[in-house]
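Report on one structure; see the data block that follows.
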There are 4 protein chains.
Amino acid sequence: MTQYAGVDEMPESQRQKQKKQTRKHLITMAFNQLAKDGLINTRTADIAKAAGVSHGTVFAHFPTRDALLTEVINEFGARVTRRLHELAGGGSVHEILEAHLKGLAEFEPFYTRLVREGSLLPESARNTLIMIQSAVSFHLSQAAEREMAAGIIRRLPMHLLFNTWIGLVHYYLANGDLFSPGKPVLERYGKELLEHYLTLITE
Amino acid sequence: MTQYAGVDEMPESQRQKQKKQTRKHLITMAFNQLAKDGLINTRTADIAKAAGVSHGTVFAHFPTRDALLTEVINEFGARVTRRLHELAGGGSVHEILEAHLKGLAEFEPFYTRLVREGSLLPESARNTLIMIQSAVSFHLSQAAEREMAAGIIRRLPMHLLFNTWIGLVHYYLANGDLFSPGKPVLERYGKELLEHYLTLITE
Amino acid sequence: MTQYAGVDEMPESQRQKQKKQTRKHLITMAFNQLAKDGLINTRTADIAKAAGVSHGTVFAHFPTRDALLTEVINEFGARVTRRLHELAGGGSVHEILEAHLKGLAEFEPFYTRLVREGSLLPESARNTLIMIQSAVSFHLSQAAEREMAAGIIRRLPMHLLFNTWIGLVHYYLANGDLFSPGKPVLERYGKELLEHYLTLITE
Amino acid sequence: MTQYAGVDEMPESQRQKQKKQTRKHLITMAFNQLAKDGLINTRTADIAKAAGVSHGTVFAHFPTRDALLTEVINEFGARVTRRLHELAGGGSVHEILEAHLKGLAEFEPFYTRLVREGSLLPESARNTLIMIQSAVSFHLSQAAEREMAAGIIRRLPMHLLFNTWIGLVHYYLANGDLFSPGKPVLERYGKELLEHYLTLITE
DNA sequence: CATGAATGAGGCTTCATTCAT
DNA sequence: GATGAATGAAGCCTCATTCAT
């Protein structure tokens, strides 16, 4: 049931706006639902219900389930990346990692799903994770370069430096239900992980 | 005892052996198939076909799909654990990590599936991963304790020491197709990871 | 209320009607099919085919096979009961039994299936039979009470009076194919049963 | 595992005897199992297990499941019939009905299964029930004839006289779980049914 | 465009029956 | 003859996707 009695009465631009809005809403609610029940176990019907639209509407906006997930994931990737850039602007390694954790913590449920289930999803999911990591990597590399030069942190190959950090964080996220049942892992262990990691890479 | 008493007396070497063999074969082929197509995306019919038996035979040996997967995973866990204990017998931290990589490398495809998909599977999958890690943790802790005492490696909380290593290894495994397409990651990056990690934890 | 609020407002006469119709059609055709092939031996696919819909459609309307059967049986129970009340309104014992036979005759095939297979079905089937019998019992008790008081029929415990009648009728229904092959038993033997039974209970 | 090391050592007659014995045993245990779990819901594997033989042995003795059931039912029919003849030898109507109840009570569980599920089974099941009833009918008819002539019981068409009785008894058997949960119905209600019925048919 | 009923391919599981030993 | 592992034809149910309204 639309807001208008006859479809043709709606001005074109209005209609398009409406459509874009529905699409956006769908992405938002899908995001929530996927974070809640997982990327694999959420059915298109669940998403439709969560968004308060008909099941068919999902396919009016996205040709396939995969396309919707890809969109949600991409959207998410863009937001996280933006946020990380915001937070991590040119500080020390310590500050950048802190910003990274803060940024992830804001999206922990969905990000965790991506870490856990990403490898079962369309390539876009993987690419998004790569993109997010690039954002961090970018800032971290610069800071690390500086601090290596300044003798603050050890000289280590950048990719290993970075992957050690990511590996550590992902490991805690993926096993959050074991490490910190019922409570965000990053909240509970973030500080500890950060300090530990800094210890490791500090001269 | 009547003639209808049941047939537990003599091992009935012929038939029972045959059945055990089929069961074993099924587990082996399931193992391969699961390693190849993933734990989520492998259907019971695929396993039957891979094993060269009828679909029904799968259920003559395992009551449900889950039971079969659990069996395969447990079997796998036991083998890996045993192997890790074999390899990691009381050496230095370096030797133990080397042994760990060697042990995992022998089972890389399946282990990778477990790391990637474990969180979507019956609890047994998680438990198996925990068990495997316990095996490594056990040896690593002892060696690390010694070497910390000897001033060879840094004093660090054991769980962080361990999880940093596991996180790093799992991260490379989970993304093996990106880091090392078409070739086992551990073969390509194992040495590098090991040396890097040792650098980090060395005084 | 947003535009995504759900659509309970207007009856959406078109679609909802259509769905209800399909559901009803499904129940009707299931009813026929079950009467024809029996409650045990009718598969969901048969019902779908009989209704001219896809197999999946059955489950779009009823969560399980059992739920569908239960629905059909309940619907049937309600109809028969209503009909029996209609027919049996406060007459003599003779009239009530006549009404009972007439009511059953209208639904003989399905009712016979229920009598034959009821004990193998979900509880709802039993309950429905009980409900139907309660309807008759209610009217019969009242009339019998009156006629016993008036010395028209013998003084007999009500439950035995009733169960004798039901037992007789069910026996003929359950063996209808022997007593009256290719033709409704009640049509052929109803009158005779009624007269016989009245003879028995008459002073 | 047979009692003999080599099959050919067994004398022909011995073997045949053995086979007949197994067959008999199978029928006996099938009888118990069918009485316990019902004719529809008992699987051939259950029967084999109950008999302590292999699943295949069932099919070595009976070509199909139906053939086995038929055999069991026929065997049962013969026994009940014989027993009924034994018990019901030429007494009064009262004595004959009493004998009938007594005879059925000895086999109540299986007989009840037959009454409940008979119409879903191969024709032989129906025929057996008919045969059993013929046995009773035979004695009852003679006695009833006498007592009608003697003015003890009413003059009623024999088939109605008989079917009223059978209908009543079957009704209580089929609904035994409702009328007398956890206890044989005939034990609890037999006497009452008998007296009630006699009242009905008595002048 | 939005709707949601209908679709149907495909997955898991059961069980009477077969057959090599 | 007895065995029991293996078979495979069904049966129930799920869910992404389509399409008439």
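In the text below, chain A, chain B and the rest are named by the order of the sequence lines, each starting its count at 1.
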For C:R113, all residues meeting side chain to side chain contact (heavy atoms under 4.5 Å, CB included), sequence neighbours excluded: C:L39, C:R116, C:E117
Between D:T128 and D:N74, a side-chain donor and acceptor under 3.5 Å: yes
Only counting residues at least two apart or in another chain, list the ones meeting ring-ring contact (aromatic ring centres under 6.0 Å, His included) with C:F110. C:F31, C:F76
Can you name the residues that form a salt bridge (Lys or Arg N to Asp or Glu O under 4.0 Å) with C:R126, not counting sequence neighbours? D:D177
How many Å lie between NZ on B:K19 and P on E:dC19, as a whole number? 20 Å
Mind calculating the distance between CG (D:L69) and P (E:dA16) to the nearest angstrom? 10 Å
Could you check how far NE2 of B:H61 sits from C1' of E:dT14, rounded to whole Å? 16 Å
What's the CZ-P distance between A:R23 and E:dC1, to the nearest Å? 12 Å
Gap between atoms CG and C1', on D:L68 and E:dC15 respectively (whole Å): 15 Å
Just jot down the side chain to side chain donor-acceptor pair (under 3.5 Å) partners of B:N127, sequence neighbours excluded, or say none. none
Under the rule of Watson-Crick or G-U wobble with both distances under 3.5 Å, where | means paired to another strand and [ ] a crossing pair, DNA chain E maps to .||||||||||||||||||||
Looking at residues 26-34 of chain C, who's got a heavy atom less than 4.0 Å off DNA chain F? none
Please list, chain by chain and in numerical order, all residues satisfying side chain to side chain donor-acceptor pair (under 3.5 Å) with D:D37, sequence neighbours excluded. D:Q33
What string of B, S and - do you get for nucleotides 7-14 of chain F, 5' to 3', when a contact is any protein heavy atom under 4.0 Å? BB--SSBB
Run the side chain to side chain contact (heavy atoms under 4.5 Å, CB included) test against B:P109 and tell me which residues pass, sequence neighbours left out. B:A35
How long is the line joining NZ of A:K49 and C1' of E:dG4, in whole Å? 13 Å
Distance, rounded to the nearest Å, where D:H25 contributes NE2 and F:dA2 contributes P: 12 Å
Under the rule for side chain to side chain contact (heavy atoms under 4.5 Å, CB included), what residues qualify as partners of C:R79, not counting sequence neighbours? C:R82, C:F107
Residues in side chain to side chain contact (heavy atoms under 4.5 Å, CB included) contact with B:T22, at least two apart in sequence or another chain: B:Q18, B:T57, B:H61
Rounded to whole Å, CD of D:Q21 lies from P of F:dA2 at a distance of 11 Å
Is there side-chain contact between D:N41 and C:L120, with heavy atoms separated by less than 4.5 Å? yes
Report the residues that fulfil side chain to side chain donor-acceptor pair (under 3.5 Å) with A:T44, sequence neighbours left out, ordered by chain and then residue number. A:H55
